[in-house]
**Q** 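Let me give you the structure first, and then I'll get to my questions.
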Amino acid sequence: MPRDPLIGLVGKPSAGKSSTLNSLTDASSKVGNFPFTTIDPQRAIGYLQIDCACARYGVSDRCKPNYGSCVNGRRSVPIELLDVAGLVPGAHEGKGLGNKFLDDLRHADALIHVVDASGTTDAEGKVTRGYDPSVDIAWLRSEIVAWIKGNLWEKWGSIKRRHIAVKATAVETLQAQFSGYGSTAAVVARTLDKLALKEPLEEWSEETVDRVVNAFTDEKFPTVIALNKIDHPDADKNIAKIAKMQDPNSIVLCSAISEIFLRKMAKQGYIKYTEGSEFVDTREDLIADGDPDGGGLKELDEKNRNRIENLKDMVLYRFGSTGVNQVLSKAAEILGLVPVFPVRNTTTFTSGANESANKAVFRDCVLVKKNSTVADVARKIMGDAPIAYVEGAGGIRVAEDQVVTVGKNDILSFKVGRA
């Protein structure tokens with residue numbers, strides 16, 4: 001199954017980006033045939049938590065994904081992550097990894113900016129105290145804008161002359177320049193629609209170009225701000241300040257190191273932990289609840305028992321979870337991703353050729369962007385194969401121009417052949 005879109009993780013050194021990436025890609029508790037894999041040193045597979053269609057139809061007991069897992073209707077869907085390294089102030093001028101950082105960035109559909117909310121690392125990731133992390137958020141954006149604006153303004157004169165000569169539209173001219181950032185004509189069109197500019201492109205001032213580049217950055221690189229290290233005592237005041245400056249809907253509070261620790265302890269049999277929740281039980285907790293065997297869990301030593309109790313108080317009970325699962329969910333939300341379930345049989349929801357032998361349902365799931373049509377999904381899954389017709393749930397034919405949304409046109413069977 002295709003795994004795009006691509007979510008890029010960015011963050012200055014020591015902000016916790018590596019810990020966040022590791023916690024998102026830890027598949028130790030996942031079942032099925034999709035272990036954690038690193039595609040290359042920068043790309044890996046994370047797991048997005050979604051509500052599976054199996055719960056809607058009461059067949060969760062037979063839901064066996066080919067990739068990821070599904071537990072009681074809560075499904076882990078593989079999604080590709082990109083570790084964008086080399087973020088330092090001045091990257092657009094070649095500092096740090098400079099152009100490589102920006103070149104890697106262009107492939108991402110959305111960004112997760114991991115910010116050290118504790119204020120204990122400066123702009124270059126060196127240990128300090130009292131640093132203002134809101135500065136990091138501002139200069140990440142300024143680096144991207146400066147990079148795009150610099151490339152565009154450097155040749156603006158020739159761009160205008162060609163625009164006039166070929167009588168192009170503003171969308172056509174800008175897409176020719178922005179295609180290198182992974183843009184599409186639709187992204188450029190949405191950018192210009194939001195600005196509602198009245199003057200023709202050949203009359204744009206540098207100020208107008210600035211506005212266009214800023215709007216394009218918002219449209220092409222929607223960003224989740226993952227405020228990490230929320231368990232640090234200095235984090236509260238920094239979080240409060242950032243919340244006043246940024247769209248609250250773009251912020252997620254998290255503690256990546258806490259998530260990694262809890263998963264490790266659960267894997268080793270010391271605790272029972274529900275990922276993405278506040279629920280952690282030790283052997284003592286379960287015995288107190290009436291289970292004389294303590295759930296078969298191992299006895300914790302005093303150091304780890306204290307650490308878990310502190311983690312409960314400082315993170316889980318205060319914030320409801322470590323926030324790690326919510327980081328990826330927020331990225332999916334700002335992209336408007338819709339899970340679609342391709343099946344062979346839209347009545348039984350099975351996918352195997354031999355359905356009597358294979359009763360498993362909803363084996364596959366793909367993520368498509370908002371406003372995708374049935375035809376878009378067909379191309380994503382079937383490529384250039386000719387499609388005679390498409391069936392939805394219950395064997396009802398659906399038109400290829402219909403939009404897929406959660407609960408509508410999201411269970412599809414593609415019938416190959418000539419219409």
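Since we're looking at a predicted model, the values are computed, not measured. Below, each value reflects all heavy atoms present in this structure, side chains not excepted, and no hydrogens, waters or symmetry copies.
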**Q** For Glu207, which residues count as a side chain to side chain contact (heavy atoms under 4.5 Å, CB included) partner, sequence neighbours excluded?
**A** Ser205
**Q** Test of understanding: with side chain to side chain donor-acceptor pair (under 3.5 Å), list the residues that count as partners of Tyr131, not counting sequence neighbours.
**A** Asp136
**Q** Just jot down the salt bridge (Lys or Arg N to Asp or Glu O under 4.0 Å) partners of Lys408, sequence neighbours excluded, or say none.
**A** none
**Q** Using the ring-ring contact (aromatic ring centres under 6.0 Å, His included) criterion, which residues pair with Phe362? Sequence neighbours excluded.
**A** Phe341, Phe349
**Q** Mind checking side chain to side chain donor-acceptor pair (under 3.5 Å) for Asn409 and listing every partner two or more places apart, or none if nothing turns up?
**A** Gln402
**Q** According to side chain to side chain contact (heavy atoms under 4.5 Å, CB included), who are the partners of Lys149, at least two apart in sequence or on a separate chain?
**A** Trp153, Glu206, Val209, Asp210, Val213
**Q** Filter on salt bridge (Lys or Arg N to Asp or Glu O under 4.0 Å), then keep only pairs touching residues 320-340, sequence neighbours left out; what's left?
**A** Lys330-Glu333
**Q** Name all residues meeting the side chain to side chain donor-acceptor pair (under 3.5 Å) criterion together with Ser413; count only those two or more places apart in sequence or in a different chain, and write none if there are none.
**A** Lys415
**Q** Kindly list each side-chain donor-acceptor pair under 3.5 angstrom involving residues 233-244, sequence neighbours excluded, with atom names and distances?
**A**
| residue | atom | partner | partner atom | Å |
| --- | --- | --- | --- | --- |
| Asp234 | OD1 | Arg129 | NH2 | 3.3 |
| Asp234 | OD2 | Arg129 | NE | 2.5 |
| Asp234 | OD2 | Arg129 | NH2 | 3.0 |
| Asp236 | OD1 | Arg318 | NH2 | 3.3 |
| Asp236 | OD2 | Arg318 | NH2 | 3.1 |
| Asn238 | ND2 | Ala117 | O | 2.8 |
| Asn238 | ND2 | Asp234 | O | 3.2 |
| Lys241 | NZ | Asp132 | OD2 | 2.5 |

**Q** Going by side chain to side chain contact (heavy atoms under 4.5 Å, CB included), name the residues that satisfy it together with Ser18, two or more places apart in sequence or in a different chain.
**A** none
**Q** For Arg307, give me all partners under side chain to side chain donor-acceptor pair (under 3.5 Å), at least two apart in sequence or on another chain.
**A** none
**Q** The criterion is side chain to side chain contact (heavy atoms under 4.5 Å, CB included); which residues satisfy it with Glu219, sequence neighbours excluded?
**A** Val187, Arg190, Thr191, Lys194
